Amino acid sequence: YPTWKRTLARRARESQVKRFCRAQAIQRRLEEIEVTFRELEQQGIKLEKLLRDENESPADQQTQWTNQLLYLVQKKNNLMTEESDLMIAVQELKLEEQQCQLDQKLRSYMNKEETLKTPEDEKAEHEILKQLVEVVNKRNLLIQMQEEKRLSEL
């Protein structure tokens, strides 16, 4: 088993573990965001009730409640933006994993000697290459979307 094959296999395992850890971190953050959404929703409901029911409250108090409500809305919007970014990151991880798997399959076909390849092998190699190009194009689209989103936020 040549050294370069062991190195490739080790690097593939390492990148897979990194993707798995990133996916776990993203999932944890999405769950935290969901909990925070619920908390913000409850706080918003309380503030709305206070604003509607307490018409006799001093104007200062109503202004303070309104400001708190606006702050909650802003916080919720920020969380929605972060959630959107995380969902894009999840898609990117899936595509990255797909690309890695296709790359490994393609390498196995390409490492085979040309004289030993059957027509089915060549057809499979071309199909994998085609799928790999599609995955790379999808990843490129995601990156373009992220860049456009970042520029629009500026």
Side-chain angles (χ1 to χ4, degrees), residues 1-49 51 65-154:
Y1 205 62
T3 305
W4 65 271
K5 283 187 179 181
R6 285 195 306 264
T7 303
L8 283 177
R10 181 177 41 80
R11 285 186 183 159
R13 281 191 308 274
E14 288 172 356
S15 65
Q16 187 176 19
V17 168
K18 283 180 186 178
R19 283 191 301 275
F20 180 73
C21 290
R22 280 181 34 210
Q24 282 185 321
I26 289 170
Q27 184 61 39
R28 272 193 304 274
R29 183 61 189 142
L30 286 170
E31 289 169 1
E32 290 170 1
I33 288 173
E34 186 63 36
V35 169
T36 307
F37 270 151
R38 281 191 232 117
E39 290 171 357
L40 291 175
E41 189 71 30
Q42 292 302 317
Q43 291 174 6
I45 290 170
K46 288 178 187 176
L47 285 170
E48 277 187 55
K49 284 182 182 178
L51 281 168
W65 289 335
T66 304
N67 287 340
Q68 287 176 347
L69 192 59
L70 291 173
Y71 173 74
L72 291 178
V73 169
Q74 181 183 16
K75 205 170 176 184
K76 187 174 179 182
N77 287 341
N78 290 341
L79 285 173
M80 288 176 72
T81 300
E82 183 181 356
E83 184 181 42
S84 169
D85 291 343
L86 289 172
M87 295 308 288
I88 290 172
V90 165
Q91 289 176 339
E92 193 173 347
L93 279 174
K94 285 179 183 177
L95 290 173
E96 198 175 311
E97 178 67 27
Q98 224 178 350
Q99 182 178 349
C100 185
Q101 290 172 356
L102 289 170
D103 198 35
Q104 287 177 348
K105 286 181 187 178
L106 186 62
R107 282 182 197 275
S108 69
Y109 282 111
M110 293 177 87
N111 287 334
K112 202 174 195 180
E113 283 196 40
E114 289 295 324
T115 56
L116 299 175
K117 285 184 185 178
T118 64
E120 291 82 23
D121 289 341
E122 289 182 14
K123 184 178 178 185
E125 184 178 340
H126 288 293
E127 185 60 34
I128 291 171
L129 188 59
K130 182 178 158 188
Q131 290 174 357
L132 191 58
V133 169
E134 287 175 13
V135 169
V136 169
N137 287 336
K138 287 178 184 177
R139 285 185 70 190
N140 188 39
L141 284 174
L142 276 179
I143 291 169
Q144 285 177 350
M145 272 180 29
Q146 285 176 316
E147 185 63 21
E148 288 172 7
K149 184 177 177 184
R150 186 186 68 79
L151 290 174
S152 69
E153 288 173 356
L154 292 177

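Computed from a predicted structure; not experimentally measured.
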- Query: When rounded to the nearest 0.5 angstrom, what is the spacing between CG in Asn137 and CG in Leu132?
  - Reply: 10.0 Å
- Mind running salt bridge (Lys or Arg N to Asp or Glu O under 4.0 Å) on Glu120 and Lys123 for me, showing each step along the way? CA-CA 5 Å; Glu120 291 82 23; Lys123 184 178 178 185; over 6 Å; no
- Task: Kindly compute the distance separating CG (Asp103) from CD (Gln98), expressed to the nearest 0.5 Å.
- Result: 12.5 Å
- Are side-chain heavy atoms of Lys76 and Leu79 found at a separation under 4.5 Å? no
- Task: Locate the shortest heavy-atom distance separating Ile33 from Leu86; write the atom from each residue and the value.
- Result: CD1-CD1, 3.8 Å
- Query: Roughly how far apart are Lys138 NZ and Lys94 NZ, rounded to 0.5 Å?
  - Reply: 11.5 Å
- Could you give me the CA-CA distance, side-chain angles and deciding distance for Gln43 and Glu39, then say whether side chain to side chain donor-acceptor pair (under 3.5 Å) is met? CA-CA 6 Å; Gln43 291 174 6; Glu39 290 171 357; 5.6 Å; no
- Would you give the length of the straight line joining atom CD of Gln99 to atom CZ of Arg139, rounded to the nearest 0.5 angstrom? 4.5 Å
- Message: So Leu93 and Glu97, do their side chains get closer than 4.5 Å, heavy atoms only?
- Response: no
- Task: Verify salt bridge (Lys or Arg N to Asp or Glu O under 4.0 Å) between Arg28 and Glu31, making sure each step is shown before the conclusion.
- Result: CA-CA 5 Å; Arg28 272 193 304 274; Glu31 289 169 1; over 6 Å; no
- Message: Please determine whether a side-chain nitrogen of the Lys or Arg among Lys18 and Glu14 lies less than 4.0 Å from a carboxylate oxygen of the Asp or Glu.
- Response: no
- Please name the pair of heavy atoms, one in Tyr109 and one in Lys117, separated by the smallest distance, quoted to 0.1 Å. O-CE, 3.0 Å
- Answer yes or no: is there a donor N or O on one side and an acceptor on the other, between the side chain of Ser15 and the main chain of Arg11, under 3.5 Å? yes
- Roughly how far apart are Leu69 CG and Ile45 CD1, rounded to 0.5 Å? 11.0 Å
- Whether Asp85 side chain and Glu82 backbone form a donor-acceptor pair below 3.5 Å: no
- side-chain contact (heavy atoms from CB on, under 4.5 Å) assessment of Leu30 paired with Met87: CA-CA 9 Å; Leu30 286 170; Met87 295 308 288; 3.9 Å; yes
- Distance (rounded to the nearest 0.5 Å) between Lys5 NZ and Arg107 CZ: 11.5 Å
- Message: When you compare the side chain of His126 with that of Lys130, does any pair of heavy atoms fall below 4.5 Å?
- Response: no
- Message: Checking Glu125 against Lys112 for the salt bridge (Lys or Arg N to Asp or Glu O under 4.0 Å) test, could you report, in this order, the C-alpha distance in whole Å, the side-chain angles of both residues, the deciding distance, and whether it holds?
- Response: CA-CA 11 Å; Glu125 184 178 340; Lys112 202 174 195 180; over 6 Å; no
- Salt-bridge criterion met for Glu41 and Arg38 (N-O under 4.0 Å): no
- Item | No-hydrogen, no-angle side-chain donor-acceptor test under 3.5 Å, Glu148 and Gln144 | no
- Query: Could you walk me through whether Leu142 and Met145 pass the side-chain contact (heavy atoms from CB on, under 4.5 Å) check?
  - Reply: CA-CA 5 Å; Leu142 276 179; Met145 272 180 29; 4.2 Å; yes
- Task: For Thr81 and Lys149, run side-chain contact (heavy atoms from CB on, under 4.5 Å): C-alpha distance rounded to whole Å, both residues' side-chain angles, the deciding distance at 0.1 Å, then the answer.
- Result: CA-CA 10 Å; Thr81 300; Lys149 184 177 177 184; 4.2 Å; yes
- Under the side-chain contact (heavy atoms from CB on, under 4.5 Å) criterion, do Gln68 and Leu72 qualify, and how do the steps go? CA-CA 6 Å; Gln68 287 176 347; Leu72 291 178; 5.6 Å; no
- Query: Does NZ belonging to Lys49 count more than 12 external heavy atoms closer than 6.0 Å?
  - Reply: no
